[in-house]
Asks: 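Sharing a structure, written as structure tokens. Questions coming.
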Amino acid sequence: MECRPLKNGARIVFTDVDGTLLDAEHRPIPASASAIARLGERGIPFVLVSARMPEALTPIQRTLRFSGPLVCYSGAYATDERGVELLSRPMPIELALKASRIVAERASDVCCMAYGYHRWVVDDRLDPRVANEERIVGRQSEEGTLEDVFGEVGGLHKLLLVGEAGRMGALRAELAAALPELTVVLSSPILCEVMAGGVSKAEGVRVVCEHYGLEPSQAMAFGDGHNDVDMLAAVPESYAMANGEAAVRAAATHVTRLTNDENGLATELERLL
């Protein structure tokens, strides 16, 4: 299909999920579907870029009635519209074990979850933080150990650390200093993501653009959190959500007039269509 670009020249749209496309309760907003459908009619791909696993993103696509590539684990893993792998940057199991040991020794109250490819592994599914994450993403985790689940495949794509606000920034700094070969970022005040070195949402944007024969200079992106800043910097037309953190709003070329809860993303798309 021939692409008819948006008013700002964009030929592909990338978006973060939680805090951006979804409402404050992490639910798709049905009214978004019409704007996304109009993008499809113009031959403009709409791509989800998230810290989530693939199985926590496909239900959003189904609800909003679209398909397309997925950039998962903050850029560590990406698939095309058929689910074929475009990008995989797992961290070695040895480094993941080192990181989990540091967390256990220095922040034993922090919950550590592990993700790799299509598996989500936890120590205890009864932990209320695990239960809350399962509720948010609509998926069930499995109990197991890093060695047993990811040892044979040699690595995994993400550790998710969940703890109290105010503590996670210090833990992020401790892990980054102890393991400089890893990427450690805050995705919210209570969430810290640990991935292989060099992983970024920006690389996911580049790989998906290449898949379509496009350049990042032909893309636009939406985000709200610190782990979206590199993606926003990778494209010329970047939109921070009105509900986004101050540093993210400062880093973007535009700020949406409305919040995620007010369907700000779809409102901006309708203006540009």
Asks: Same hydrophobic cluster for I60 and V13, using side-chain heavy-atom links shorter than 4.5 Å among ILVMFWY?
Replies: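 I60 clusters together with V13.
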
Asks: Below 6.0 angstrom between ring centroids: does that apply to Y77 and Y117?
Replies: yes

Asks: Once rounded to the nearest 0.5 Å, what's the spacing between atom CG of D224 and atom OG1 of T20?
Replies: 3.5 Å

Asks: Is it true that E268 and R271 make a salt bridge, defined as a side-chain N closer than 4.0 Å to a carboxylate O?
Replies: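 Counted as a salt bridge, because a side-chain N and a carboxylate O are separated by less than 4.0 Å.
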
Asks: Atom CD of residue position E210 - does it have more than 12 heavy atoms of other residues, nucleotides or ligands inside 6.0 Å?
Replies: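 Open.
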
Asks: Between E2 and R11, does the salt bridge (Lys or Arg N to Asp or Glu O under 4.0 Å) criterion hold? Intermediate values first, please.
Replies: CA-CA 10 Å; E2 181 182 354; R11 294 173 175 267; over 6 Å; no

Asks: Flag the pair E203 and R89 as a salt bridge only when some basic side-chain nitrogen lies within less than 4.0 angstrom of an acidic carboxylate oxygen.
Replies: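 Yes, charged N to carboxylate O under 4.0 Å.
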
Asks: Mind checking what makes side-chain contact (heavy atoms from CB on, under 4.5 Å) contact with A56, not counting sequence neighbours?
Replies: R52, M53, V137, R139

Asks: Using side-chain contact (heavy atoms from CB on, under 4.5 Å) as the criterion, list what pairs up with A252, not counting sequence neighbours.
Replies: L232, S238, A240

Asks: So how far is it from L186 CG to N227 CG, rounded to the nearest 0.5 Å?
Replies: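 Answer rounded to 0.5 Å: 9.0 Å.
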
Asks: Side chain to side chain donor-acceptor pair (under 3.5 Å), that's the test. Do R129 and N132 meet it? Break it down for me.
Replies: CA-CA 5 Å; R129 294 163 293 190; N132 185 57; over 6 Å; no

Asks: List the residues meeting side-chain contact (heavy atoms from CB on, under 4.5 Å) with E262, not counting sequence neighbours, and say none if there are none.
Replies: L258, T259

Asks: Could you walk me through whether L160 and L191 satisfy the side-chain contact (heavy atoms from CB on, under 4.5 Å) test, starting with their C-alpha distance in whole Å, then the side-chain angles of each, then the deciding distance to 0.1 Å, before giving a yes or no?
Replies: CA-CA 7 Å; L160 174 63; L191 301 177; 4.1 Å; yes

Asks: State, without any angle test, whether H157 and S74 hold a side-chain donor-acceptor pair at a distance under 3.5 Å.
Replies: no

Asks: Please check if the number of heavy atoms outside E215 that lie under 6.0 Å from its CD is greater than 12.
Replies: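 Result for CD/E215: open.
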
Asks: Nearest 0.5 Å, what's the OG1-OH distance between T253 and Y239?
Replies: 7.0 Å

Asks: Can you tell which of E134, E143, E133 makes a salt bridge (Lys or Arg N to Asp or Glu O under 4.0 Å) with R125?
Replies: E134

Asks: Only distances under 3.5 Å count here; give the side-chain donor-acceptor pairs of residues 90-110 to other protein atoms, sequence neighbours excluded, each with its distance to 0.1 Å.
Replies:
unit_1, atom_1, unit_2, atom_2, d
S100, OG, A96, O, 3.4
S100, OG, L97, O, 2.8

Asks: May I have the list of side-chain donor-acceptor pairs in residues 243-251 shorter than 3.5 Å, sequence neighbours left out?
Replies:
unit_1, atom_1, unit_2, atom_2, d
N243, OD1, N260, N, 2.8
N243, ND2, G19, O, 2.9
N243, ND2, N260, OD1, 3.3
E245, OE1, H226, NE2, 2.7
R249, NH1, G244, O, 2.5

Asks: Just wondering, more than 12 heavy atoms not from E142 lying within 6.0 Å of its CD?
Replies: yes

Asks: Would you kindly confirm whether V185 and V194 end up in one hydrophobic cluster when ILVMFWY residues are joined by side chain heavy atoms under 4.5 Å apart?
Replies: no

Asks: For the CG atom of L159 and the CG atom of L146, what is their distance to the nearest 0.5 Å?
Replies: 6.5 Å

Asks: Are more than 12 heavy atoms, taken from residues, nucleotides or ligands other than D80, located less than 6.0 Å from that residue's CG atom?
Replies: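 Yes, the 6.0 Å shell around CG holds more than 12 heavy atoms from other groups.
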
Asks: How about E164: does its CD atom have over 12 heavy atoms from other parts shown lying under 6.0 Å from it?
Replies: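 No, the 6.0 Å shell around CD holds no more than 12 heavy atoms from other groups.
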
Asks: Set out, in order, the CA-CA distance, both residues' side-chain angles and the distance that settles side chain to side chain donor-acceptor pair (under 3.5 Å) for S32 and N263, then state yes or no.
Replies: CA-CA 7 Å; S32 301; N263 209 14; 2.8 Å; yes

Asks: Nearest 0.5 Å, please: how far is CG in L175 from SG in C192?
Replies: 6.0 Å

Asks: For Y115, is the NZ or CZ atom of K158 found under 6.0 angstrom from the centre of its six-membered ring and inside 45 degrees of the ring axis?
Replies: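 Judged by the rule, K158 and Y115 form a cation-pi pair.
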
Asks: Can you name the residues that form a side-chain contact (heavy atoms from CB on, under 4.5 Å) with V149, not counting sequence neighbours?
Replies: R119, V121

Asks: Treating Ile, Leu, Val, Met, Phe, Trp and Tyr as nodes and any side-chain heavy-atom pair under 4.5 angstrom as an edge, say whether V17 and M220 lie in one connected cluster.
Replies: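 In one cluster with V17: M220, yes.
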
Asks: How long is the span from the CG atom in L87 to the OG1 atom in T79, to the nearest 0.5 Å?
Replies: 10.0 Å

Asks: Determine, using the 4.5 Å side-chain heavy-atom cutoff (strictly less than), whether L273 and L64 are members of one ILVMFWY cluster.
Replies: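 L273 clusters together with L64.
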
